[in-house]
Amino acid sequence: MWPVDPPSRKAVARCASAWIECWSGRRDDRRATFVDPNGARMSNPTKPQPAVQTAITPTREQHYAEWYQQVVRAADLAENSPVRGCMVIKPWGYQLWENMQRVLDRMFKDTGHKNAYFPLFIPLSFLEKEAEHVEGFAKECAVVTHHRLQAGTKPDGRPGLVPSGELDEPLVVRPTSETIIGASFAKWVQSYRDLPLLINQWANVVRWEMRTRLFLRTAEFLWQEGHTAHATEAEAREETMKMLDVYADFAENWMAMPVIKGRKTDGERFPGAVDTFSIEAMMQDRKALQAGTSHFLGQNFAKASEIKFLDQNGTLQHAWTTSWGVSTRLVGGLIMTHADDDGLMVPPRLAPTHVVILPITPKPETAAAVNEACEKLAKRLREIAYAGRTVEVEVDRRDLRGGDKMWQWVKKGAPLRVEIGPRDLEQNAVSVCRRDRGTKERTAMSADALVAGVVALLEEIQQGMLAKAKAHREANTRVIDEPAEFRAFFTPNKQESENSPTEIHGGFAMSRFAMDAKDEAKLKDDLGVTVRCIPIEGPDDPGPCILSGKPATRRVVFAKAY
RNA sequence: CGGGCUGUAGCGCAGCUUGGUAGCGCGUUUGACUGGGGGUCAAAAGGUCGCAGGUUCAAAUCCUGUCAGCCCGACCA
């Protein structure tokens with residue numbers, strides 16, 4: 001069924017299934033031409049051609065995990081670094097994060113929070129203060145034990161720099177900052193008049209993960225962590241929900257990524273929290289991505305860090321705290337929500353560049369006029385306000401062949417490409433291509449029309465992306481009441497060999513759950529499915545639990561997860 | 001951390017079974033021709049074969065260790 005050339009031993013063994021190797025997937029093979037006995041050029045007859053050539057291979061359908069990595073690379077978002085599990089975020093990816101930061105930071109300030117910065121290093125004893133918290137993070141901590149390097153002999157007997165100057169107390173590179181911030185809060189809070197204390201930190205954190213994936217799970221990542229202290233439980237709970245709403249608002253209205261807000265089960269709670277809430281999004285492989293969390297910490301950390309205040313009655317009380325965060329994982333979510341087999345597609349409201357102008361200069365004698373028209377259009381567009389900034393325009397005058405240049409921007413996912421060539425000048429027109437339409441689809445319009453309509457166009461793309469993502473989620477969400485159907489829903493059709501990637505299957509199952517942690521653990525062992533969240537919105541719907549048959553009051557979101 | 005696999009030019013790979021001068025495609029550079037679509041032709045540059053040991057007259061190839069990456073688990077944002 002596949003190519004004539006037998007794949008080599010290595011190719012067969014390679015983690016990606018052999019058939020992907022043999023498929024005409026590799027870009028470099030795509031244009032291979034062969035001469036038939038009559039001398040006519042023809043496509044390589046031994047290689048089946050895909051119906052549509054895609055910029056990214058393999059496609060999502062063929063091998064989702066590999067597709068994801070190829071998109072990250074093709075869109076020039078990030079790459080692996082010499083440091084295990086750590087990534088280099090490249091400009092296009094970092095600009096996305098900067099745009100997320102800018103919008104979120106505004107939202108945090110609008111809800112009364114102020115930024116501050118706390119140490120990267122956390123004394124071991126701090127982390128030990130909250131029992132559940134230590135246990136939750138102990139396995140993945142990077143620990144600093146020395147503060148100096150000295151010329152000496154390394155363990156392997158070679159000369160080199162060896163650590164010296166052992167610290168009295170090891171320092172943990174922050175996996176999260178509850179304890180170190182708690183120490184400050186304890187000093188800052190004396191009276192009920194000091195509350196609420198609403199602080200946010202933009203920082204990097206380190207969690208020594210076993211298995212890493214660019215943006216989705218790396219040893220070091222960038223995030224924002226809000227930490228607040230309140231006088232009453234009600235107020236702290238309100239804060240927790242308020243920030244969850246902020247995240248949901250951001251995800252849907254800026255990232256065009258629909259999310260479900262919900263509470264975590266005990267098994268999925270943040271270590272040390274009383275209640276954890278999250279926003280859960282469905283990726284294109286139908287797995288759930290926890291895209292943001294908001295924790296009601298009760299008085300657990302206040303007790304551990306001694307955050308105490310005198311209330312109106314002169315009684316000394318522990319404060320009620322919250323914490324909440326989103327990370328560069330959002331970039332991963334963005335990719336897996338919107339990218340297609342031609343690469344990334346960035347939602348206009350967060351796009352580093354909204355409009356790419358490509359001058360088409362086939363003849364030197366018309367080049368100057370074309371370039372001038374491009375710059376003029378760019379200048380006009382840059383004066384237009386859009387999504388809290390101005391329309392970002394890049395005139396790409398790099399000396400590259402047209403096709404290459406165009407495909408680079410397709411893969412990066414710039415929302416609009418505008419081509420201006422001599423023929424357009426003659427007709428007083430520009431050619432506009434949308435990233436959410438076919439790569440060959442072009443619309444001619446006057447520069448004036450583009451300037452007048454660019455905001456509406458960008459918004460149409462933004463809304464279209466959200467609608468598409470919502471439709472995908474709805475198409476793969478099922479209300480399930482029968483255990484057999486539930487099992488079938490989460491079981492792949494094909495019998496996969498042990499080490500091959502799993503086919504795309506499942507989705508969100510909305511089923512009743514009686515909240516028994518043992519049943520949940522068993523489900524995870526059995527099917528790899530977990531309760532993603534207990535949705536906040538939605539009515540009670542009593543009936544038998546899908547796992548145990550015991551009476552349950554609510555439906556929850558069951559899914560496989562990242 | 002367990003199981004499987006892979007590290008050879010910027011990227012993708014062949015060569016390894018049977019040890020004997022380092023190969024291919026794309027990309028890059030130069031020149032010409034092209035010119036609204038991942039061009040054409042010609043020439044050129046580019047590699048401590050992941051790293052460290054070992055076996056051998058000789059190692060990309062065999063052995064041991066180690067590091068890194070990927071897939072499947074476990075764990076996790």
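Quick note on labels: first sequence line is chain A, next is B, and so on, each numbered from 1. Only a predicted model underlies this, so the values are computations on that prediction, with no experimental measurement involved.
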In whole angstrom, give me the gap between the P atoms of B/rA14 and B/rG25.
15 Å
Mind checking A/Gln408 for me? I need base, sugar-phosphate or nothing, with any heavy atom below 4.0 Å counting as a touch.
nothing
If the condition is salt bridge (Lys or Arg N to Asp or Glu O under 4.0 Å), which residues does A/Glu375 pass it with, not counting sequence neighbours?
A/Arg397
Partner lookup for B/rG73, please. Criteria are Watson-Crick or G-U wobble with both distances under 3.5 angstrom; report none if nothing qualifies.
B/rC1
If you take any heavy atom closer than 4.0 Å to RNA chain B, which residues from residues 207-227 of chain A end up in contact?
A/Arg207, A/Glu209, A/Met210, A/Arg211, A/Thr212, A/Leu216, A/Arg217, A/Thr218, A/Phe221
List the residues meeting salt bridge (Lys or Arg N to Asp or Glu O under 4.0 Å) with A/Glu130, not counting sequence neighbours, and say none if there are none.
none
Which part of the nucleic acid does A/Tyr562 contact within heavy-atom distance under 4.0 Å: base, sugar-phosphate only, or nothing?
base
Could you check whether A/Arg435 pairs with A/Asp340 (Lys NZ or Arg NE/NH1/NH2 to Asp/Glu carboxylate O, under 4.0 Å)?
yes
P atom, B/rG37 versus B/rU21: distance in rounded Å?
47 Å
Test for a donor-acceptor pair under 3.5 Å between the base of B/rG37 and the side chain of A/Glu419, counting only N and O atoms.
yes
As a test of reading the structure: which of B/rC76, B/rG35, B/rC71 is closest to the side chain of A/Pro362, going by heavy atoms?
B/rG35
In Å and rounded to the nearest 0.5 Å, what is the NE2 to CZ distance from A/His295 to A/Arg269?
11.0 Å
Using a 3.5 Å cut-off and no angle test, enumerate the donor-acceptor pairs between side-chain atoms of residues 254-267 of chain A and protein atoms at least two apart in sequence or in another chain.
unit_1, atom_1, unit_2, atom_2, d
A/Lys261, NZ, A/Asp245, OD1, 2.7
A/Lys261, NZ, A/Glu537, OE2, 3.3
A/Lys264, NZ, A/Glu280, OE2, 2.7
A/Lys264, NZ, A/Gln290, OE1, 2.9
A/Lys264, NZ, A/Arg532, O, 2.9
A/Thr265, OG1, A/Glu520, OE1, 3.2
A/Thr265, OG1, A/Glu520, OE2, 2.9

Listed by chain and number, what are the side-chain contact (heavy atoms from CB on, under 4.5 Å) partners of A/Val274, not counting sequence neighbours?
A/Arg237, A/Phe296, A/Asn300
Of the candidate nucleotides B/rC70, B/rG38, B/rC71, which contains the atom at the shortest distance from the side chain of A/Ala65?
B/rC71
Pairs flagged by ring pair (Phe, Tyr, Trp, His ring centres under 6.0 Å) wherever residues 400-443 of chain A is involved - sequence neighbours left out:
A/Trp92-A/Trp409
Residues 421-433 of chain A, side-chain donor-acceptor partners within the protein, below 3.5 Å, at least two apart:
unit_1, atom_1, unit_2, atom_2, d
A/Asp424, OD1, A/Ser431, OG, 3.3
A/Asp424, OD2, A/Gly421, N, 2.8

C1' atoms of B/rG38 and B/rC26, separation to the nearest Å
11 Å
Check RNA chain B against residues 517-535 of chain A and give the residues with a non-hydrogen atom under 4.0 Å, in numerical order.
A/Lys524
Under 3.5 Å, is there a donor-acceptor pair linking the side chains of A/His113 and A/Glu239?
yes
Using a cut-off of 4.0 Å on non-hydrogen atoms, how would the nucleic acid contact of A/Pro359 be classed: base, sugar-phosphate, or nothing?
nothing
On RNA chain B, does the nearest nucleotide to A/Pro271 precede the nearest nucleotide to A/Ser431 from the 5' side, or the other way round? Give the residue.
A/Ser431
How is A/Gly333 classified with respect to the nucleic acid when contacts are heavy atoms under 4.0 Å: base, sugar-phosphate, or nothing?
nothing
Pair of N/O donor and acceptor under 3.5 Å linking B/rG36 base with A/Asp424 side chain:
yes
A/Thr361: side-chain contact (heavy atoms from CB on, under 4.5 Å) partners, not counting sequence neighbours:
A/Pro359, A/Ala367, A/Val370, A/Asn371
Should A/Asp341 and A/Arg60 count as an ion pair when the cut-off is N to O under 4.0 Å?
yes
Scan residues 272-292 of chain A against RNA chain B and write down, sorted by residue number, each residue with any heavy atom closer than 4.0 Å; if none is found, say none.
A/Gln290
Mind checking A/Arg442 for me? I need base, sugar-phosphate or nothing, with any heavy atom below 4.0 Å counting as a touch.
base
First encountered from the 5' end of RNA chain B, between A/Glu268 and A/Val430
A/Val430
Of the nucleotides B/rG36, B/rC76, B/rC70, which has the atom closest to the A/Gln69 side chain?
B/rC70
Show every salt bridge (Lys or Arg N to Asp or Glu O under 4.0 Å) that has at least one partner inside residues 67-88 of chain A, sequence neighbours left out.
A/Asp76-A/Lys90, A/Glu79-A/Lys90
Checking B/rC11, B/rG38, B/rG37 against the side chain of A/Arg73 (C-beta onward), the nearest is B/rC11
Just to verify, what does A/Arg207 make a salt bridge (Lys or Arg N to Asp or Glu O under 4.0 Å) with, not counting sequence neighbours?
none
Rounded to whole angstrom, note down the C1' distance from B/rG12 over to B/rG4.
23 Å
